[in-house]
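Below you'll find the structure, written out as structure tokens, and then a few comments.
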2 protein chains.
Amino acid sequence: MATGRNHRPATSRSRGIPEATVARLPLYLRALTALSERSVPTVSSEELASAAGVNSAKLRKDFSYLGSYGTRGVGYDVEYLVYQISRELGLTQDWPVVIVGIGNLGAALANYGGFASRGFRVAALIDADPGLAGKPVAGIPVQHTDELEKIISDNGVSIGVIATPAGAAQQVCDRLVAAGITSILNFAPTVLSVPEGVDVRKVDLSIELQILAFHEQRKAGEELGAPPGRRPGEGPEADTAPPAAPPAVAVTKRPPESGTDGDLPAVMPA
Amino acid sequence: MATGRNHRPATSRSRGIPEATVARLPLYLRALTALSERSVPTVSSEELASAAGVNSAKLRKDFSYLGSYGTRGVGYDVEYLVYQISRELGLTQDWPVVIVGIGNLGAALANYGGFASRGFRVAALIDADPGLAGKPVAGIPVQHTDELEKIISDNGVSIGVIATPAGAAQQVCDRLVAAGITSILNFAPTVLSVPEGVDVRKVDLSIELQILAFHEQRKAGEELGAPPGRRPGEGPEADTAPPAAPPAVAVTKRPPESGTDGDLPAVMPA
DNA sequence: ATGCCTTTGTGAACGCGTGCACAAAGATTG
DNA sequence: CAATCTTTGTGCACGCGTTCACAAAGGCAT
């Protein structure tokens, strides 16, 4: 999963539900919804855990934070659990969402059908390009950034999605926060700084790929018997001297693009 | 970030680098690259940590797993550190990547400029729609699913990106794995089951939004003094009886769409 | 060369998350 | 009604990750 784990370190477990559990509730909800559509009345923790890709003990402990919603010897009532989790996640109400930055990614997000089915509603699409203003994307006309504050206050929006280039992200973020947004999903490859009380989650494709590459390299290295990375304490390095002579080579020979590559047409995180 | 934390539980720290540290290395790398482009020669752990949005002690400990690359009283050599982290992440080599499922999201990913600048190269775009075959997306002609196995073996691809509808994801995954792929980045809203040795990371927009909604609801509830969720032990629930009478109401009144909403035109995770 | 100042690298403590293993609870059967 | 079987709910222990706090190390000025 993509990433984004810079959350609220303290104050995290508000009414007792651990952050890790909250992160898994949507997973359970999805599995339960599928069961519900197949009209399955009850599930055991074992079955549901398997469907959600987790350990059954973990699932039971997770549910125990919500209350005792199961029946021993039987399992959990699917419909009831769907309702309880939905309520706990706040999905029984409608959440208007604004998407800022209607590039390739923003358009993809706007077209995403999963929004409405989970209580989220795209209230507006916003972009800084005047040429885009008025043009419909996914049936919704794009509005200019100038309208940002008005849109948010008029619709009572509290969740914003940033899909702009990295260079614009912080500025957009500041305006969103000033306008009253308190939760942000950030697709731009930047570390956003926000005031206390504002939640930020990050989705970053490039980071995910780099993590995969690390493990991939390790797999390839072990396979050949030779560990890929240099071993921690192994005497003085022979080839490259540590502090001096920083090897300016390699690193995939980055061509001198225009500034940070996050400033690119920005389609996805860098 | 997006999510995806179902990793390799054991065997995780191969040569001693903790998983949590690996996940942060790309963050440091990005900050360092920005500094490098501004020709900054050295940084202190404090400065770099601030730029990466982490705690300085954590950063120093992270770097300590890589070796002693800093100079006490001075800081870290930017260029050298960029090189070391790149090497550790396996970014000094080229990673061919295939993207399967060229819908809205797949196209957005294909257009993403951040690939090449980090050692990743889009080797091929693959889609099951024969109508798309041959048509160029981001300058690369889309190929039909039939070619999948050949493409992967011919190009020695080991990393695959799944951007298909949920219904097709597992099948595509199986074919990718059978063809030799050992790392998968999954955008489809499904739990993929893979054999031992294959890494899967998941990016799921809907989950991120639901987590935000949870905190948002909590914020709104606390603000008014009344906790949103039911308090754990507070005597017998008055309104709704726990096991019996599963409230089939609410849950955002899902309209009977075609099957699981993951089967939709699928643009993003559900 | 000596002393001071800055910053790294890390030992140790703490807290969260995970998984085991089992007792309690309810269903079910005879 | 009693015995048995299934499955939940959770106490407990363990390990990872985070953070503090400080000693060691290097630069720099005198």
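Just the heavy atoms: all of them, side chains too, but no hydrogens, waters or symmetry mates, feed the values below. Naming: A, B, ... by sequence-line order, numbering from 1 per chain.
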query = Are the ring centres of A/Tyr80 and A/Tyr69 closer than 6.0 Å?
reply = yes
ask   = Does A/Asn55 put a side-chain nitrogen or oxygen below 4.0 Å from OP1 or OP2 of C/dC20?
value = yes
request  = Test B/Glu88 against A/Gln217 for side-chain contact (heavy atoms from CB on, under 4.5 Å), laying out the working first.
outcome  = CA-CA 9 Å; B/Glu88 201 69 51; A/Gln217 182 188 44; 5.8 Å; no
query = Is a donor on one side and an acceptor on the other found under 3.5 Å between the side chain of B/Lys219 and the backbone of B/Phe214?
reply = no
query = D/dG17 P sits how many Å from B/Arg24 CZ, rounded?
reply = 9 Å
Rounded distance (Å) that lies between atom P of D/dT10 and atom CG of A/Leu66 = 12 Å
request  = Could you state the atom-to-atom distance from CG of A/Leu48 to P of D/dT7 in whole Å?
outcome  = 14 Å
task = Kindly determine whether A/Asn186 and A/Asp204 satisfy side-chain contact (heavy atoms from CB on, under 4.5 Å), including the steps that lead there.
result = CA-CA 8 Å; A/Asn186 181 31; A/Asp204 197 317; over 6 Å; no
task = Could you walk me through whether A/Ile184 and A/Ile162 pass side-chain contact (heavy atoms from CB on, under 4.5 Å), step by step?
result = CA-CA 7 Å; A/Ile184 292 174; A/Ile162 297 180; 3.8 Å; yes
ask   = Counting N and O atoms only, with roles assigned by atom type, does the side chain of A/Thr33 sit under 3.5 Å from a partner on the main chain of A/Leu29, one being a donor and the other an acceptor?
value = yes
remark   = Rounded to whole Å, the CD1-P distance (B/Ile17 to D/dG17) equals 12 Å
query = How many Å lie between NZ on B/Lys58 and C1' on D/dC16, as a whole number?
reply = 13 Å
query = Could you write nucleotides 2-10 of chain C as a row of B, S and -, 5' to 3', where a protein heavy atom under 4.0 Å of any base atom gives B, of only sugar-phosphate atoms gives S, and otherwise -?
reply = ----BBBBB
